[in-house]
Amino acid sequence: MTATLMTGISELWTLQDEQPVLHGAALVLDGDRIAWTGPAAHAPEADERVDLEGRAVLPGWVDSHTHLVFAGDRSAEFEARMAGRDYEAGGIQVTTDATRAASTPTLTDLVAARAREAVRGGTTCLETKTGYGLTVADEERSARLAADLVRDGVLDEVTFLGAHLVPAEAADAESYVDLVAGPMLQAVAPHVRWIDVFCDRGAFTPEQAERVLRAGRAAGLGLRVHGNQLGRTGGVRLAVELGAASVDHVNHLSDEDVEALAASARTATPTVATVLPACDLCTRAPLAPARRLLDAGAQVALASNCNPGTSYTSSMGFCVATAVLQMGLSLAEAITAATRGGALALRRDDVGHLGVGARADLHVLGTPHAIDLAYRPGMPLTHQVWRRGARVR
Ligand SMILES: N=CN[C@@H](CCC(=O)O)C(=O)O
Ligand SMILES: [Zn+2]
């Protein structure tokens with residue numbers, strides 16, 4: 001294995017508890033892992049050297065919530081929303097029709113292109129959901145092609161979201177839930193690690209969501225929930241009660257919801273509150289109360305929610321800038337939520353930090369100071385991206 005010594009690092013965001021940011025530091029990669037970090041003056045010898053010429057280095061972003069497996073276009077719906085129409089879950093059907101109509105090679109190419117776009121912005125660990133197939137065959141196809149991309153190292157995690165919307169052809173919601181929790185789950189389970197459900201107005205009730213999640217757990221999957229996006233609709237309570245790894249959106253929270261998330265953060269397997277600021281802006285929804293959640297002691301992740309309906313961006317830099325500028329997070333809190341927080345939401349400890357033994361996933365900024373992520377919003381700050389020890393940008 002080749003060891004690479006990186007020097008000339010102005011700020012090294014290892015995100016280790018003792019000292020999250022090192023100044024004047026160096027870093028050694030050994031193959032696909034971090035082998036050493038510390039003061040540049042004490043750096044060990046290595047096979048190769050890379051001089052980063054005074055740039056800041058962060059762990060690559062961990063984007064724990066996206067919906068990349070889709071075809072079609074919803075720009076007209078977005079434009080209508082910007083002209084005053086409300087967001088409704090029903091738009092999912094439009095993307096479902098287009099996704100079903102796409103060939104498998106086309107769909108695979110679309111997902112791979114979106115993953116490459118994410119990498120260009122510094123994302124090195126990427127989850128995607130299914131959820132625009134909504135038949136046994138179409139959900140199985142979405143899950144299988146995403147799993148193939150995990151095998152090829154393009155994606156990292158796949159989540160089954162058959163319970164995204166009751167599709168037009170279903171007789172009723174209850175019979176569709178039977179399908180999702182039965183034959184659809186059986187077909188998809190070999191390809192995925194997680195099961196998710198959209199528990200909200202116009203989608204699934206907490207009772208229906210619970211049925212899907214319990215079936216997923218019985219099939220060996222970890223649990224995730226889209227909750228409290230459109231109202232106080234019970235998703236957070238359900239996610240915490242069932243021990244889901246994360247509940248995402250969390251725009252509308254009662255004090256009890258916040259306390260439940262904070263209590264869960266005191267356990268070994270917290271339910272992470274994943275906030276999705278790009279989605280909040282693109283649906284003109286109230287920003288999720290990330291500050292209130294952190295102050296209460298909850299674990300918070302930041303993710304892009306890249307999807308054609310509510311958040312057509314995979315820019316984690318944009319999410320970090322919004323979290324700082326609009327949600328009241330400090331730079332360190334926002335970076336932590338977009339790296340360690342995402343990793344915790346995926347129940348992983350190999351990504352989202354630069355401790356020894358972590359996956360060598362680096363985001364080198366074209367600036368000495370990470371604060372530029374918020375200070376210079378919208379600027380192209382990604383200079384290099386390393387994934388599993390190899391430079392990919
Ligand atoms: N909220 C549910 N699902 C997606 C939106 C999907 C769509 O509108 O196509 C989300 O996370 O925002
Ligand atoms: Zn989503």
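Just so it is clear, the structure is predicted and the values come from calculations on it, not from any experiment. Counting starts at 1 for both ligands and their atoms, following the listed order.
- His226 contributes NE2 and Asn305 contributes OD1; the angle these two atoms make at the Zn ion (ligand 2) is 170°, rounded to 10°.
- The contact set between ligand 1 and His67, taken as ligand atoms under 4.0 Å from a residue heavy atom, comprises 3 (N), 4 (C), 10 (C), 11 (O).
- Remark: ligand 1 atoms within the under-4.0 Å shell around heavy atoms of His65 are 11 (O).
- Using the six-membered ring where Trp is involved, His164 and His67 have ring planes that are parallel, under 30° apart on the 30 and 60° scheme.
- Contact annotation: Thr95 has no heavy atom less than 4.0 Å from any atom of ligand 1.
- Those atoms of ligand 1 with a heavy atom of Ile92 less than 4.0 angstrom away are 6 (C), 7 (C), 8 (O), 9 (O).
- Checked for salt-bridge contact, Arg292 and Asp255 meet the test: a charged N lies under 4.0 Å from a carboxylate O.
- Close approach to Gly309 involves these atoms of ligand 1, each under 4.0 Å from a residue heavy atom: 7 (C), 8 (O), 9 (O).
- Looking from atom 1 (N) of ligand 1 to the surrounding protein, the closest heavy atom is Gln229 OE1, 2.8 Å.
- Here His67 reaches the Zn ion (ligand 2): one of its N/O/S atoms is less than 2.8 Å from the metal.
- Atom numbering of ligand 1 starts at 1 in the shown order; those under 4.0 Å from a heavy atom of His226 are 1 (N), 2 (C), 3 (N), 11 (O).
- The one candidate from Val69, Val111, Thr66 that meets the side chain to side chain contact (heavy atoms under 4.5 Å, CB included) condition with Leu155 is Val111.
- Nearest protein neighbour of atom 8 (O) of ligand 1, counting heavy atoms only, is Tyr87 OH, 2.6 Å.
- Note: His226 and His249 have tilted aromatic rings, judged against thresholds of 30 and 60 degrees for the angle between ring planes.
- Scanning all protein heavy atoms for the shortest distance to atom 12 (O) of ligand 1 gives Thr310 OG1, 2.7 Å.
- Going from atom CE of Met82 over to atom CD of Glu77 covers 10.0 Å, rounded to the nearest 0.5 Å.
- In this structure, atom 10 (C) of ligand 1 lies nearest to the protein heavy atom Asn305 ND2, 3.3 Å.
- Remark: ligand 1 and His164 share an N or O pair separated by less than 3.5 Å (distance only, no angle test).
- Salt bridge Asp148/Arg151: present, at least one basic N to carboxylate O contact under 4.0 Å.
- Within the 4.5 Å cutoff, side-chain heavy atoms of Lys129 are placed close to those of His65.
- With respect to atom 6 (C) of ligand 1, the closest heavy atom belonging to the protein is Tyr132 OH, 3.2 Å.
- Remark: ligand 1 atoms within the under-4.0 Å shell around heavy atoms of His249 are 1 (N), 10 (C), 11 (O), 12 (O).
- Inclusion of His65 in the first shell of the Zn ion (ligand 2) is supported: an N, O or S atom falls under 2.8 Å.
- A salt bridge links Arg100 with Glu169: the distance from a Lys NZ or Arg NE/NH1/NH2 to an Asp or Glu carboxylate oxygen falls below 4.0 Å.
- Taking a cutoff of 4.0 Å between a charged side-chain nitrogen and a carboxylate oxygen, Arg193 and Glu127 do not qualify as a salt bridge.
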